[in-house]
Amino acid sequence: MSIEIISLSKFYGQQKVLDEVNLSFKPGQITGLLGPNGAGKSTLMKIIACFIPPTMGFVSVYGYDVMKDSLKVRQLVGYLPENNPLYPEMYVREFLLFIAGLYDLGKKSKPRVDELIGMTGLHAESNKKIGTLSKGYKQRVGLAQALMHDPQALILDEPTSGLDPNQLTEIRNLIREIGLTRTVLLSTHIMQEVEVLCQRTVIINKGRIVADDDTVNISAGVGGMELITVEFESTVDSAKLTAIPGVTKVTSLALNKYELETIAGSDIRVEVFRFAVEQKWVVVAMQKEERNLEDVFRSLTI
């Protein structure tokens with residue numbers, strides 16, 4: 001594993017921001033980190049990037065302890081924070097050459113800066129002052145800065161904030177390409193972005209991990225649950241619906257209309273129809289509800 005997090009907790013005074021977090025990440029995988037504001041996402045990222053220390057627990061990046069080997073970890077991690085701190089009075093190319101100097105790239109500085117300007121689509125803006133750029137282009141500069149030293153792990157906190165639809169596509173393609181060989185941890189509030197970009201999704205709420213699975217699996221339903229809505233012609237004994245194999249819960253939605261919770265991965269509409277025939281109930285409508293990541297997120301974090 002490239003990043004290992006074991007029993008990680010973080011306190012700010014008496015406030016617990018992270019509570020016994022256990023996670024691991026591997027190269028060649030883009031992981032989406034989701035959670036409401038104040039859930040602990042940015043704190044977790046800052047600890048991995050060695051910006052702040054943990055209160056308790058252990059974090060390592062490619063075998064290096066963030067507390068004992070922080071300089072080595074910083075060499076391996078590229079970090080784009082949410083507020084994207086830049087020097088507005090500097091020109092784009094000037095700023096990136098300055099960053100290259102900080103990483104002591106020497107003769108490689110100019111070729112690397114040229115490469116990153118091309119990768120992030122900054123050609124037209126490279127001779128402008130950063131302070132005059134739109135928010136979207138400032139994000140590109142921040143991403144180029146995070147990539148300067150060719151890190152093995154990339155930590156991105158809201159990387160596509162402020163981008164227009166065309167810029168979104170370009171930056172997502174870049175992140176997807178980077179994620180082929182590196183570890184990428186991406187925090188965002190855009191659910192569709194996670195669905196199209198991330199193979200894995202971690203949801204954090206009040207400092208605890210409440211979901212961690214492949215994005216496809218998490219989008220399928222909360223805790224292995226799917227929903228079927230069924231409407232009958234007349235009033236039925238809803239208690240009998242729980243006798244249908246696979247039904248775990250029945251909720252009345254309206255007159256003669258019910259929501260059936262079922263085990264994820266199972267489609268029991270045929271069983272529901274057969275059961276209705278046996279009971280001599282007339283089914284007016286039946287539909288399997290499509291769930292998405294936003295539904296799951298809201299269910300787990302409300």
Side-chain angles (χ1 to χ4, degrees), residues 2-3 30 41-53 59 61-62 64 66-67 69-164 166-168 170-188:
S2 56
I3 300 175
I30 303 174
K41 305 186 301 298
S42 294
T43 296
L44 177 61
M45 291 179 152
K46 288 176 182 177
I47 291 174
I48 297 172
C50 297
F51 270 59
I52 59 175
V59 180
V61 178
Y62 286 92
Y64 294 97
V66 298
M67 293 295 289
D69 307 296
S70 64
L71 289 180
K72 185 63 179 178
V73 171
R74 291 167 198 245
Q75 294 173 5
L76 295 168
V77 174
Y79 177 48
L80 175 62
E82 183 180 7
N83 58 1
N84 190 13
L86 301 169
Y87 292 114
E89 71 278 6
M90 295 184 74
Y91 294 91
V92 172
R93 185 178 294 276
E94 175 192 18
F95 171 74
L96 293 178
L97 286 169
F98 168 68
I99 296 300
L102 292 179
Y103 282 111
D104 197 23
L105 296 187
K107 293 181 180 180
K108 297 179 181 179
S109 295
K110 187 178 183 301
R112 182 58 176 166
V113 168
D114 290 339
E115 180 184 9
L116 288 172
I117 285 175
M119 286 174 62
T120 55
L122 284 167
H123 279 301
E125 316 298 321
S126 61
N127 295 315
K128 294 182 180 179
K129 283 191 175 182
I130 292 174
T132 67
L133 300 180
S134 67
K135 185 175 182 180
Y137 276 108
K138 288 178 181 177
Q139 286 296 96
R140 292 176 183 232
V141 176
L143 186 57
Q145 172 189 333
L147 290 168
M148 182 62 69
H149 56 303
D150 196 22
Q152 294 303 301
L154 193 60
I155 312 297
L156 306 174
D157 199 349
E158 303 286 346
T160 58
S161 174
L163 302 184
D164 63 38
N166 291 331
Q167 293 173 332
L168 272 174
E170 293 170 3
I171 295 301
R172 284 174 181 172
N173 288 338
L174 175 58
I175 294 172
R176 188 178 289 111
E177 182 179 346
I178 293 168
L180 293 175
T181 56
R182 294 170 175 81
T183 301
V184 178
L185 181 58
L186 181 152
S187 170
T188 181

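Both backbone and side-chain heavy atoms feed into the values below; hydrogens, waters and symmetry mates do not. If you read the sequence from its start, that first residue is 1, and numbering goes on from there. Predicted model only: the values in this text are computed from it and were never measured.
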Would you call [X] and [Y] a side-chain contact if the rule is heavy atoms closer than 4.5 Å?
X	Y	value
Tyr79	Arg74	no
Asn84	Val141	no
Lys41	Asp157	no
Pro159	Ile175	yes
Leu154	Arg182	no
Phe95	Gln145	yes
Thr183	Gln152	no

What pair of heavy atoms forms the shortest contact from [X] to [Y], and how long is it?
X	Y	value
Ala144	Leu116	O-CD1, 3.4 Å
Pro151	Val77	CB-C, 3.7 Å
Thr132	Lys128	OG1-CB, 4.0 Å
Lys138	Leu133	CE-O, 3.3 Å

Out of curiosity, [X] [atom1] to [Y] [atom2], how far, rounded to the nearest 0.5 Å?
X	Y	atom1	atom2	answer
Ser42	Ile47	OG	CD1	11.0 Å
Leu180	Ile30	CG	CD1	7.0 Å
Ile178	Leu143	CD1	CG	5.5 Å
Glu82	Thr188	CD	OG1	10.0 Å
Glu115	Leu96	CD	CG	12.0 Å
Thr43	Ile52	OG1	CD1	5.0 Å

Query - Identified side chain to side chain contact (heavy atoms under 4.5 Å, CB included) partner of Ile48 from the options Val66, Leu185, Val73 - result: Leu185
Please check: side-chain N/O of [X] versus main-chain N/O of [Y], any donor-acceptor pairing under 3.5 Å?
X	Y	value
Gln139	Glu158	yes
Ser70	Met67	no
Arg112	His149	no

**Report entry** side chain to side chain contact (heavy atoms under 4.5 Å, CB included) evaluation trace for Asn173 with Arg176
**Finding:** CA-CA 5 Å; Asn173 288 338; Arg176 188 178 289 111; 2.9 Å; yes
Query raised in the report: Can you list the steps and then say if Gln167 with Tyr137 is a side chain to side chain contact (heavy atoms under 4.5 Å, CB included)?
Result: CA-CA 9 Å; Gln167 293 173 332; Tyr137 276 108; 3.5 Å; yes
Query raised in the report: Hey, is OH on Tyr62 packed in by over 12 heavy atoms from elsewhere, all under 6.0 Å?
Result: yes
Query raised in the report: Does Arg140 pair with Glu170 as a salt bridge, N-O distance under 4.0 Å?
Result: yes
Query raised in the report: Should the pair Tyr87 and Phe98 be assigned to parallel (<30°), tilted (30 to 60°) or perpendicular (>60°) ring geometry?
Result: perpendicular
